[in-house]
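Report on one structure; see the data block that follows.
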Amino acid sequence: MNATSAWLLTANSKLNSPGLAAVYEEQVAGYSFKVFLVDDSCWLVACWPKGSRIGFRLAYSPNDRLELRKILEKGQNITFRIASLMGEYEVAVQLPGAENPVLRLTTTLKTAAPILFPYWPRDIVPLGATGSDVFAEGEIRVNQVGTRSGQLYFSLNRPKAGSVLYLQNLTALGDYNQQTETSAGDTVGGEWPEIGFALPPTVKNKPLEAGKSYCLSDAFIAFSEELPADESAMVRQYLDMLAVIYLALPKPQTTYKHWPEILQNGLTDLQDSPGCWTQVDGNHYLNAYVCDYATPPEIMVQLAVLLPLLDYVEWSDAQLTVMKKIKEGLPAFYNEELGTIMRWHPKVADTMKGEEEQKKPLVMDSWYLQHPLLNLSRLALKGDKVAEKLFLDSLEFAIKVAHHFNYKWPVFYKMDTLEVVKAETQPGKGGEKDVPGLYAHVLLQAWELTGKKRYLAEAEKAALKLKGLGFELFYQANNTAFSSGALLRLYKITKKEIYKELSYLCLANIFKNVSLWDCNYGYGKNFPSFFALFPLSDAPYTAVYEEQEVFCAFHDYLRHAETEDILPSLRLLLAEYIRFLVERAVYYYPTMLPKEMLADEVKTGEVDPNLWIALEDMHDGWEKSGEVGQEVYGAGNAFGILPRHYMQVDGNPFMIYTDYPTYGFAPKKHRPVNFKLAGDTRLTSRLMLVKTGKDKMPEFSVKLNGSKELLKGKRTKEGHLEFTVPGDSEIYINWTYENL
């Protein structure tokens, strides 16, 4: 047992006092819930059907004696009004029910005086068995890192009880964080048995104001009697519990963003801004960051922009000269001697100063070889012969590297000798653990392109290396997302359940690394951040490039899963991430942000606040954003969103938009049209008939799931027609013109 604080020992002792009387108790679905007032604290104790208990602190006033003033009951909702020296507490307890199997505990304090919080104890005590003062033994599987979700997923193993997912709705703490100038990051976690949420201490002279109400906690808790027997069971439980809590969680309203206009702004600046381009040996290359001329061109950067541009061109039938520009420079990255594409342009690779480990001509970051190969394979499968040659000519080298490292890639290695330059991300943490999945994706593409079974067998060998990595699999978000799609494809090809389960493992790692809250304090008030995704497991900011690629990978996963029996919780979470990304992504452009929140110093290149090129990094509300740079290789942002969310109806002055992914839309002139929404029926999507051009919009009839009843839409000031529709619905749209 780990060491504990005096606060925890005291709480445990008092909650186990003989004769301690509850001020409230209730039984729900075999669980009992009792509320106790114990000197300076108010506790809710939940008891599993088999007797193990866990305590949640509802209110706290140090060295005080709380006084219960009133209990109000309304169905499953119980409100406790409690007096303390610090002020008046109101504690709202929402017990689990049949429709909402989640316990919610919300604590609000109306302060009696200006108050500082130099320390606050964590709010969970694993009490163990009834009648015993020995803490339960348990295991923390997931906890909050930085400003990710305020989550704690853990199990109580002895006495055997089950599992808990605790999620603190950090959005609700915005007034506290704003007033005290504190961050909601790293507030949920701890070391067993001292676990849970603790208010961030007020280190500055920034007290809560007297006479104002502040939310101090808003916790959502899901219980299970299951102790997962293996990795697959753990992953399924985590995803299912997360989805259950997500349904109960207050979610911000989204607003429509007009991506056709955003895309044109970005395309103009990408093509015309000198800061986006450099020239080598007669060819033009995209810089990684605006005005970054010190770093040689990288093949990953060229392809990371080219593929979304291709998505847009296929959708729009546009002709973009910028694509020809990028393609012409690709063959120069091939190294005949090694038989592979290189990360850095070989003609200028030796101009690097080597200030970072990977900024040396022959040093390869493990994923930086696989990712360009993946994009080359995509071009090849679309008939691009130059890309096909580059891909197939480099494939044997990639296989050689995989065999050399036994499908367990380090962080950096040398291309000529395969000598490891950096083995681990951190001591004891291993290398880039999701690269086997990315490599499996590359080899699946090779199999699809050539039909050679050797490549399929190679993909399977690599994929199995992900087994047993648990919640440590995630290295980089987009690569973990690509891995999930490759594994689902492997399952569909081989019908081996292990690959479907491993695809769930990849996705669970991604959802562990999102922020299910809105940072509404400091600079965070200027942009939405709910359901944002972090690029690395320890990254202090969210990043546009990884988010854009995860967005596309999730679309692809849902497309492959359309006819498959996958977890309903995944269908829900994937669609909801996409829905929020479609709104949030525009705020990566500095043109959408006040200039005072942009970083004063930039690590790479320059930041032009008037340029529609996305910032790499969005930070916690007390930190400025854009300090890494303005990310040219994140320019695919709009080009990935527009073709996936706008459906064109030829010859008509409108497009169909949804913020959920869709299946089965066939572009055509004739009416009616129909398609199916992804997602879950318990949540809703925005459907819009978007006006294009100056012609008058027709009269529409919109129906759901074959119903005869027409949906009523709302006209926007721009002339669009907006509807709210449930997920997982079939949409039917017909229209007529007045003169017909």
Side-chain angles (χ1 to χ4, degrees), residues 143-151 170-171 174 177 181-188 200 288-290 292 301 304 356 365 367 425-426 474-481 509-551 577 580-581 583-609 611 613-637:
N143 60 271
Q144 184 189 19
V145 175
T147 52
R148 289 155 187 78
S149 300
Q151 63 183 328
L170 299 173
T171 307
N177 295 125
E181 289 190 17
T182 55
S183 168
D186 294 313
T187 54
V188 181
Y289 297 90
V290 171
D292 174 22
V301 170
E356 298 177 31
D365 187 334
W367 75 269
T425 56
Q426 297 175 28
F474 183 106
Y475 173 68
Q476 184 160 302
N478 51 335
N479 299 327
T480 305
N509 272 266
I510 291 173
F511 290 119
K512 170 195 169 188
N513 279 281
V514 301
S515 61
L516 290 176
W517 64 286
D518 206 19
C519 180
N520 51 9
Y521 53 81
Y523 298 122
K525 293 179 179 179
N526 298 305
F527 60 95
S529 54
F530 185 84
F531 225 143
L533 172 63
F534 291 77
L536 302 170
S537 59
D538 58 352
Y541 55 79
T542 63
V544 63
Y545 163 66
E546 285 81 1
E547 286 224 72
Q548 167 230 321
E549 291 211 330
V550 168
F551 161 86
Y577 172 80
F580 280 99
L581 184 281
E583 181 200 32
R584 283 191 301 100
V586 71
Y587 291 94
Y588 277 107
Y589 297 108
T591 46
M592 296 291 294
L593 303 170
K595 291 182 181 179
E596 60 267 21
M597 70 165 286
L598 301 179
D600 301 311
E601 295 184 10
V602 180
K603 178 183 174 184
T604 311
E606 301 174 8
V607 167
D608 181 346
L611 206 60
I613 301 294
L615 304 175
E616 168 158 334
D617 49 311
M618 301 300 289
H619 290 255
D620 179 76
W622 297 118
E623 300 168 1
K624 294 190 175 187
S625 294
E627 66 177 23
V628 178
Q630 207 163 355
E631 196 178 66
V632 178
Y633 63 97
N637 191 21

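Here the structure is a predicted model, which means the values were calculated and not measured.
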Review point. Passes side-chain contact (heavy atoms from CB on, under 4.5 Å), F531 versus L581? Steps please.
Key: CA-CA 8 Å; F531 225 143; L581 184 281; over 6 Å; no
Hey, what do you get for [atom1] ([X]) to [atom2] ([Y]), rounding to the nearest 0.5 Å?
| X | Y | atom1 | atom2 | result |
| --- | --- | --- | --- | --- |
| T604 | E631 | OG1 | CD | 10.0 Å |
| Q630 | D292 | CD | CG | 12.0 Å |
| M618 | N526 | CE | CG | 8.5 Å |
| S149 | F511 | OG | CZ | 10.5 Å |
| T187 | N143 | OG1 | CG | 11.0 Å |
| E623 | D617 | CD | CG | 10.0 Å |

If you define the side chain from C-beta out and look only at heavy atoms, does anything of [X] sit under 4.5 Å from [Y]?
| X | Y | result |
| --- | --- | --- |
| S625 | Y541 | no |
| C519 | F527 | no |
| L611 | P590 | no |
| P200 | N177 | yes |

**Study point:** Neighbour count above 12 (heavy atom, 6.0 Å) for E596 CD
**Key:** yes
Heavy-atom pair with the smallest gap, counting every atom of [X] and [Y]:
| X | Y | result |
| --- | --- | --- |
| K512 | Q151 | O-NE2, 3.0 Å |
| G174 | N520 | CA-OD1, 3.2 Å |
| Q548 | N637 | OE1-N, 3.6 Å |
| A599 | G626 | CB-C, 3.9 Å |
| F534 | T147 | CZ-OG1, 3.3 Å |
| W517 | A184 | CH2-CB, 3.7 Å |

Check your understanding: Going through the checks in order, is the side chain to side chain donor-acceptor pair (under 3.5 Å) test met by Y523 and D620?
Key -> CA-CA 8 Å; Y523 298 122; D620 179 76; over 6 Å; no
Check your understanding: For the residue pair Y633 and Y289, does the interplanar ring angle fall in the parallel (under 30°), tilted (30 to 60°) or perpendicular (over 60°) class?
Key -> perpendicular
Exercise for review: Using only heavy-atom distances, determine whether the side chains of Y577 and E547 contain a donor-acceptor pair under 3.5 Å.
Suggested key: yes
**Study point:** Any donor-acceptor N or O pair under 3.5 Å, side chains T542, Y588
**Key:** yes
Practice item. Please answer whether the main-chain N or O of G146 pairs with a side-chain N or O of Q144 as donor and acceptor at a distance below 3.5 Å. Key: yes
Exercise for review: Not counting sequence neighbours, which residues clear salt bridge (Lys or Arg N to Asp or Glu O under 4.0 Å) with E546? List them please.
Suggested key: none
**Study point:** salt bridge (Lys or Arg N to Asp or Glu O under 4.0 Å) partners of E583, counting only residues at least two apart
**Key:** K257
Point to revise | side-chain contact (heavy atoms from CB on, under 4.5 Å) between I613 and Y589, intermediate numbers included | key: CA-CA 6 Å; I613 301 294; Y589 297 108; 5.8 Å; no
Review point. What do the steps show when you test L598 against L615 for side-chain contact (heavy atoms from CB on, under 4.5 Å), and what is the final call?
Key: CA-CA 9 Å; L598 301 179; L615 304 175; 3.8 Å; yes
Exercise for review: Evaluate the side-chain contact (heavy atoms from CB on, under 4.5 Å) criterion for residues V607 and V290: first the C-alpha distance (whole Å), next the side-chain angles of each, then the deciding distance (0.1 Å), finally the verdict.
Suggested key: CA-CA 7 Å; V607 167; V290 171; over 6 Å; no
